[in-house]
Structures are given as structure tokens and as C-alpha cells.
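What follows is a short report on a single structure.
Order of the sequence lines fixes the chain letters, A, B, ..., with proteins taken first and strands second; residue numbering starts at 1 for each chain. In this text, all values refer to a predicted model and were calculated from it rather than measured experimentally. Atoms considered below: every heavy atom in the structure, side chains included; atoms not considered: hydrogens, waters and symmetry mates.
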2 protein chains.
Amino acid sequence: MLPGPKLDRIDLKILAKLQQEGRITNVELADAVGLSPSPCLTRVKRLEKAGYITGYGAHVNLNKLGEFLTVFTEVTLSEHRRGDFSRFESRIVKIDEIVECHLVSGGYDYLLKFVARGVSHYQSIIEGMLESDYGIEKYFSYVVIKSPFIKHHFPIQNLFGQTHA
Amino acid sequence: MLPGPKLDRIDLKILAKLQQEGRITNVELADAVGLSPSPCLTRVKRLEKAGYITGYGAHVNLNKLGEFLTVFTEVTLSEHRRGDFSRFESRIVKIDEIVECHLVSGGYDYLLKFVARGVSHYQSIIEGMLESDYGIEKYFSYVVIKSPFIKHHFPIQNLFGQTHA
DNA sequence: CAGGGCGCAGCATTTTATGCCGCACCCCGT
DNA sequence: ACGGGGTGCGGCATAAAATGCTGCGCCCTG
């Protein structure tokens with residue numbers, strides 16, 4: 001038994017492949033994982049329906065679109081009661097420019113990732129958050145100068161099997 | 001052939017759509033952006049070739065695969081000479097478990113994102129980096145407890161037009 | 001050893017991808 | 001204003017892929 005309840009080796013190969021080539025044809029995918037198209041498609045549909053695959057997306061090169069600003073922002077909430085977290089989360093998810101939200105352990109509460117037109121745009125979003133009742137005690141911004149790499153996939157092969165390969 | 005004004009409104013709609021539905025059929029995409037399939041496909045191919053679209057990927061639900069560890073790590077290099085940065089970057093890109101690398105302004109140099117099997121796995125990777133000559137002066141780890149949301153797309157519509165729509 | 005269920009390959013049909021063609025529109029030069 | 005050239009679009013024909021159906025072999029179980 002490899003992973004959780006119902007994923008075999010072939011399922012993992014499918015996930016790994018689709019993670020890196022999301023628009024591969026089912027015919028090619030089937031060949032890559034050693035199945036014929038029919039059962040391969042069946043598995044993909046099953047993985048989608050079961051929630052292992054939550055969607056597909058093109059990787060758009062932001063830098064080619066223009067000069068935009070990416071910022072990682074550390075946020076500390078002023079209160080840490082039941083509800084303060086969910087309230088904060090439910091509000092920021094509506095802000096398009098906040099593309100990621102992580103609750104972390106350590107010196108602060110949330111690590112957010114922003115994508116904005118520039119510093120003034122970013123600043124206006126932050127100010128809006130401070131003025132409204134988001135429950136923010138303090139924040140700190142780390143402007144991204146460059147992203148040497150962003151792999152759009154995690155190492156499925158390393159997360160499994162590595163121990164008894 | 002300057003890289004800027006090569007994209008018209010339709011191109012942006014294509015990018016926005018593919019960002020969120022990377023496996024949409026060309027027929028549906030064409031309909032969504034108001035073109036017939038032929039010119040739509042031509043544009044997509046052009047956007048891919050020109051580097052606006054760098055690839056496609058499935059969004060795999062890591063949590064459903066098991067209990068894994070995601071960590072954001074702040075790294076400060078010991079030296080900041082020409083070459084120290086590129087050397088560091090060229091080495092860490094080879095580590096599968098490091099899925100993102102951002103050079104930031106502020107209190108440290110790099111913000112890295114790790115995905116590992118657990119703390120011991122993460123620790124072994126970090127130790128390997130410290131023992132080898134990566135040029136790391138110090139680091140700090142922020143373990144991700146939960147990721148309330150990760151949008152796999154940035155707000156193309158907001159980054160444009162908002163100012164002169 | 002026999003019965004039942006599951007997953008796979010093969011096949012037929014529908015849908016999509018892709019390349020080709022002629023037409024309309026726009027920009028330019030005359 | 002008129003004519004020529006280039007670009008991009010829609011329509012059409014063909015190749016390829018997606019999809020649903022069917023029968024077979026394997027494995028578990030009694």
C-alpha cells in the first residue's frame with residue numbers, strides 16, 4: 001500500500017505527469033503511464049472527482065506582461081480568539097491581489113503573497129485592510145526582487161517510495 | 001518588436017481563462033473569448049511560443065495524498081558578492097523539495113518554499129545545504145500549519161485596465 | 001474449482017485539433 | 001479617393017483525441 005486509501009503506483013504517475021504537463025493528451029498520458037487510453041481516462045476522471053486533482057491552469061509569465069510587484073507580507077493578528085482567524089481569512093480571500101495565504105508557526109501568524117500593479121497599488125490594498133476591521137495588529141512587507149524559480153509542482157516521486165525504492 | 005504592446009484585449013482574456021481553466025478545450029475557449037476556434041488556437045500557440053504561457057499543470061491536492069510538511073524558509077547568505085547569489089540559486093534549484101525561490105528585499109535574502117515528507121526529511125535537506133558550500137549564513141523556518149487558500153492565478157483583469165479601462 | 005467483481009484493451013462514435021482557403025478590414029502609398 | 005499588400009477572421013476538410021460500450025482475463029472469495 002503506497003499512499004492513502006486508493007491510489008496505486010499508476011495513479012501517482014498520472015498525478016506526477018499531469019502536474020507537470022497539464023495539457024498532455026489522454027493518449028500520450030496513457031502511453032506514459034503504461035495504460036491504454038480508456039482506463040487512463042477513467043482514472044483521471046476518478047482522481048478529479050475524488051478531489052486529488054482540483055483543477056488545471058496555464059502558467060502565465062507575469063514578467064512578460066509588464067512590470068508588476070510581488071510582495072510577501074507577514075501579518076500578525078491583534079487577537080487570537082476563536083473566529084479571529086476565520087474572519088480574517090474569509091475577508092482576504094476576496095481580495096484578488098492576494099494570491100496565497102498561509103498560516104504559519106513562528107514569529108507571526110500569516111504569510112500572504114500579493115501581486116499588484118506597483119507599490120501604490122499594493123499600499124492602497126494594505127491601507128484598506130488596516131482601515132477596515134481585519135484584526136491586523138502589525139505587518140511587514142518583503143518585496144520580491146526576483147524569483148529565480150517557481151516550480152509549479154511538488155516532488156511526488158520523492159514524497160513517496162523514496163524509502164523503499 | 002518590443003515586448004509590450006503585443007497583446008490585445010483578446011489575448012488577455014485568453015491568458016486569464018487559461019490561467020484558471022488550463023484544460024479547457026480550444027472550442028470552449030474560442031467561444032469564451034469571442035472568436036472562432038481557428039484564430040483562437042493560432043493565438044494560443046503564439047502566446048506559448050512567445051513565452052507568455054510557459055506551461056500547463058494540474059493542481060494536485062497535497063493534503064489528500066497524505067500528511068506532508070510545507071515550510072517557508074528565510075535564508076541569509078554569508079557573502080553578497082557577485083556570484084554568491086547565482087551559485088546559491090543554481091544549487092538549490094536541483095533540490096526537488098524546494099519548489100519556490102524568491103529573492104526579496106528586507107531582513108534576509110531568500111524566501112524558499114519546501115515540501116517534504118516530514119520534519120526529519122526537511123531537516124536532512126537543510127543539513128545537507130549547511131554542510132555543503134551553499135554560502136548560507138543563517139536561516140529561519142516557518143512551518144505551514146494550513147494554507148487557507150492558494151489561488152493558482154494572479155488577477156490579470158486587475159493588473160490591467162483598472163487605470164485606463 | 002466455480003462465481004462474481006474489477007480493471008484493462010479494443011472498437012465505434014462524437015468531439016476537438018489543426019491546417020488550408022478565401023474574404024473583409026486596415027494601413028499606406030500613389 | 002483609389003488600389004495594393006498584409007493581417008486576422010470565419011468556414012471547411014481531415015487527422016487526432018475523447019468518450020462510451022463490450023468482452024476478456026485476473027484475482028478474490030466461498
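- Only one option out of T70(A), L69(A), V115(A), V71(A) pairs with V144(A) in a side chain to side chain contact (heavy atoms under 4.5 Å, CB included); it is T70(A).
- Rounding to the nearest 0.5 angstrom, the gap separating the OH atom in Y139(A) from the OG1 atom in T76(A) is 12.5 Å.
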Between the protein and nucleotides 26-28 of chain C, list every N/O to N/O distance that falls short of 3.5 Å.
none

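- Residue R46(B) contributes atom CZ, which lies 16 Å from atom P of dG19(C) at whole-angstrom precision.
- Just one of Y110(A), F88(A), F85(A) meets the ring pair (Phe, Tyr, Trp, His ring centres under 6.0 Å) condition when paired with H80(A); it is F85(A).
- With rounding to the nearest 0.5 Å, the separation of CD in E89(B) from OG in S147(A) is 10.0 Å.
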N/O to N/O distances under 3.5 Å, protein versus nucleotides 5-11 of chain D:
| unit_1 | atom_1 | unit_2 | atom_2 | d |
| --- | --- | --- | --- | --- |
| dC9(D) | OP1 | R43(B) | NE | 3.2 |
| dC9(D) | OP1 | R43(B) | NH2 | 2.8 |
| dG10(D) | OP2 | S36(B) | N | 2.9 |
| dG10(D) | OP2 | S36(B) | OG | 2.7 |
| dG10(D) | O5' | S36(B) | OG | 3.4 |
| dG11(D) | O6 | S38(B) | OG | 2.7 |

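- One atom, CG of L41(B), and another, P of dC12(D), lie 18 Å apart when rounded to the nearest Å.
- By the 4.0 Å N-to-carboxylate-O rule, R23(A) lies too far from E48(B) to be salt-bridged with it.
- Within residues 16-29 of chain A, no residue has any heavy atom under 4.0 Å from DNA chain C.
- Spacing between atom CZ of R9(A) and atom C1' of dC8(C) amounts to 18 Å, rounded to whole angstrom units.
- Between R43(B) and D8(B), at least one side-chain N (NZ, or NE/NH1/NH2) sits under 4.0 Å from a carboxylate O, which counts as a salt bridge.
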